[in-house]
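First up is the structure itself, then whatever we jot down about it.
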Amino acid sequence: MATMAASPVIGSFVAADYAVFALMLLVSAAIGVYYAIVGRGQSSSREFLMGGQSMTAVPVALSLTASFMSAITVLATPAEVYRYGASYGLFSLSYVLVVVVSSEVFLPVFYRLGITSTYEYLEIRFNRATRLLGTVMFIVQTILYTGIVIYAPALALNQVTGMDLWGAVISTGVVCTFYCAMGGLKAVVWTDVFQVGIMVAGFLSVIIRAVVLQGGVANILNHAEFGGRLNFWDFDASPLRRHTFWTITFGGTFVWTSIYGINQAQVQRYISCKSMTHAKMSLYINLLGLWVILLCSVFAGLCLYSVYKHCDPWTAGMVSAPDQLMPYMVMDILRDYPGLPGLFVAAAYSGTLSTVSSSVNALAAVTIEDLIKPYTHMSEKHLSWTSKGLSFLYGALCIGMAGIASLMGSLLQAAISIFGIIGGPLLGLFSLGILCPYANATGGLAGLLSGLVMSLWVGIGAQFYPPLPEQSRPLGLTTHGCNFTTAAGVFNWTASPTEPSLYTTVLQQNTAERPFLADNLYSLSYLYFSPIGTLTTLAVGLVVSLLSGGMKLNLEPRVTLMKEDTMLFCFYKLFKERAMRRAGKLDLTKNRENKLGNNNPGFCNVHELDFTKSSLPT
């Protein structure tokens, strides 16, 4: 087994790496050009944004997996496992709950209504003001998140190749905006299928090399266990702990349901399926994809710890942020294998391209459906061209927002926090509409505003007063094995880690001045931001609806969940039919006349034997 220590000089890209990386970009762009040529005769905005509702389950499932398994998954999840342990793998349980809720509660209603934008539902169910507020919240959330997603692989590329950071940011945005604007949803879905394969291949290249280097999977797991990284079953009920069984399974379910259940980028995909059966199948097949990517990213984090257990590159000052640990290891252990570092960076970029293209396509869809169509009378051809123009505009906006991402510290936490703060209240609003028949427009609007205020209060407070280490509990890292040999001789690196974020630096200077809420409300696990927003919206929405006459509301059944929509009811109905059929076979009195023929009056008329009615003298 090789003993690895962080090297002060890591490899750089060679021609083979650039070739692999360029090939990935070229194939992605080519798919966009192909669908632009094939779809020239399809001039409607619905065809461009929804793929003509002709997609089948498998490509949509892979696209659903790729959409939010972004560069943040490729880079930040292994770093999270390296610092906090493999408890992150418990998201596999959250994903099961998320897929069941999304397919059984939200999908049937959206598919039945045949909507292009999920926010159309808010006007059908509540009113136009609620729809507009929901649309604006989604646009803000998506642009912020997409900025982080563009910045993440650019950071990786800057680390491993020395390529200009902002040159990488702009090139990422331009390529995916190009194929999204050219080919519409079909191009986005099929590039996602290609890119999810690249992501898995990139992970496997790193994992296989690390396993060989460390002497097998068993050794890596032993190192992880010795270092306290196999901390799956932490049942601490404290909501202040960063990752426990409860924060991940409960809080994580809310976060990811707000993505898979109501987020335009995901809903737009499964509504594009040719039937509701295909749509539900796509969600369940997608679950397998989520598990594969999660397993790869968690095990990559354990490999990272096994390789650098005696010499942490972050503490030693070899990288400037934890999110650079994975690309650092790639260049360290794969430098003798030309093309493989390029494959890993292509994997990070694939994650970004799939997410950004999904976001841009979704932003164009909600803008057309919610902000343009209701107020103008444009032809379908003009709407189609407007959709393409909006794709370019939103692509440029997302590139600009990548600048803010550079100030956000941990990319994984920042991304999930954004979905929690804005997605949580929106999830509460949609749940209110679908599950509560007496929720009215007044209650919906009041609930949404209350949930947004509450989650913003907690989320922004957490940015300015980050949890103290005893609450987040990062696991131990060491540099005692860092002996670097250079031309000048041998020396030890014991430098302190560079500052993780602007906010953390400011707050570390004022730890003595932390207010009461800083160590209570603001120190909640970031995974609880979404449940806070969702539950506040539901509670306020229900109370206000009841007080403002919600019980008198007359709704169309199609806008709420019906028992016929659920798989459970279908199974019950099937079981009942079979039981009735079996009971019918055993019932000897049922349909006896039909089975045995008619009665013969000559033998069966019992009245002839009724002596009470006889005319004979007594």
Side-chain angles (χ1 to χ4, degrees), residues 60-70 72-74 76-77 80 87-107 110 118 138 141-142 144-146 148-149 192 196 242-270 280 282-298 351 354-355 358-359 362 411-431 434 451 455 459 525-535 537:
V60 170
L62 291 173
S63 181
L64 285 168
T65 300
S67 294
F68 285 95
M69 295 293 111
S70 63
I72 291 168
T73 307
V74 178
T77 303
E80 182 79 16
S87 59
Y88 196 87
L90 289 170
F91 271 103
S92 57
L93 301 178
S94 300
Y95 293 157
V96 176
L97 297 173
V98 166
V99 166
V100 170
V101 171
S102 299
S103 65
E104 298 302 303
V105 176
F106 296 103
L107 184 153
F110 293 148
T118 50
F138 168 76
Q141 171 195 29
T142 306
L144 279 173
Y145 174 74
T146 309
I148 297 173
V149 168
D192 284 351
V196 80
R242 179 184 177 84
H243 284 164
T244 65
F245 179 87
W246 306 114
T247 57
I248 292 174
T249 53
F250 180 72
T253 298
F254 277 82
V255 172
W256 284 96
T257 303
S258 74
I259 295 170
Y260 274 87
I262 63 162
N263 188 284
Q264 174 67 25
Q266 300 296 72
V267 174
Q268 193 171 336
R269 273 162 175 65
Y270 51 68
K280 286 195 174 189
S282 72
L283 273 168
Y284 284 103
I285 296 169
N286 149 74
L287 180 60
L288 300 176
L290 289 176
W291 281 343
V292 169
I293 299 285
L294 182 67
L295 177 65
C296 287
S297 58
V298 169
S354 63
T355 304
S358 304
S359 300
L411 298 180
L412 182 71
Q413 182 169 334
I416 292 181
S417 297
I418 287 169
F419 277 117
I421 292 168
I422 300 178
L426 283 174
L427 176 62
L429 180 64
F430 278 96
S431 302
I434 289 173
S455 57
S525 170
Y526 68 98
L527 291 171
Y528 281 137
F529 295 168
S530 184
I532 285 171
T534 302
L535 297 176
T537 302

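- Across all their heavy atoms, P531 and F250 have their closest contact at CB-CE2, 4.0 Å.
- A salt bridge (Lys or Arg N to Asp or Glu O under 4.0 Å) check over residues 245-270, counting only residues at least two apart or in different chains, returns the pairs D192-R269.
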Test side-chain contact (heavy atoms from CB on, under 4.5 Å) applied to F106 and V267, step by step: CA-CA 9 Å; F106 296 103; V267 174; over 6 Å; no

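- Within the structure, salt bridge (Lys or Arg N to Asp or Glu O under 4.0 Å) contacts touching residues 243-263 (residues at least two apart or in different chains) do not occur.
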Under 3.5 Å, sequence neighbours excluded: what are the donor-acceptor pairs made by side chains of residues 89-99?
{"residue": "S92", "atom": "OG", "partner": "G89", "partner atom": "O", "Å": "2.9"}
{"residue": "S94", "atom": "OG", "partner": "I248", "partner atom": "O", "Å": "2.7"}

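- Looking at heavy atoms from C-beta onward, L290 lies in side-chain contact with Y260 at the 4.5 angstrom threshold.
- Looking only at distances, no side-chain donor or acceptor of Y88 sits under 3.5 Å from a matching main-chain atom of H243.
- Checked against side chain to side chain donor-acceptor pair (under 3.5 Å), S103 has the following partners two or more places apart in sequence or in another chain: Y284.
- Minimum heavy-atom separation, A61 to S282: CB-O, 3.1 Å.
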Pair L287, L283 - check side-chain contact (heavy atoms from CB on, under 4.5 Å), show working. CA-CA 6 Å; L287 180 60; L283 273 168; over 6 Å; no

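- Listed by chain and number, the residues in a ring pair (Phe, Tyr, Trp, His ring centres under 6.0 Å) with F110 are Y121, F430 (sequence neighbours excluded).
- For A362, the side-chain contact (heavy atoms from CB on, under 4.5 Å) partners at least two apart in sequence or on another chain are F138, Q264, A265, Q268.
- Evaluation of the salt bridge (Lys or Arg N to Asp or Glu O under 4.0 Å) test over residues 90-107, restricted to residues two or more places apart or in two chains, returns E104-K280.
- Counting heavy atoms from C-beta outward, T118 and I262 have side chains that stay 4.5 Å or more apart.
- Applying the side chain to side chain donor-acceptor pair (under 3.5 Å) rule to T146 yields the partners S359; only residues at least two apart in sequence or on another chain are considered.
- Interatomic distance, OG1 of T77 versus CG of L294, reported as 7.5 Å (0.5 Å rounding).
- Using modelled atom types, no side-chain atom of N263 and backbone atom of S258 make a donor-acceptor pair closer than 3.5 Å.
- Evaluation of the side-chain contact (heavy atoms from CB on, under 4.5 Å) rule for S525 yields T247, L527, Y528 as partners, not counting sequence neighbours.
- Between L427 and the options T537, T534, L535, V101, a side-chain contact (heavy atoms from CB on, under 4.5 Å) holds for only T534.
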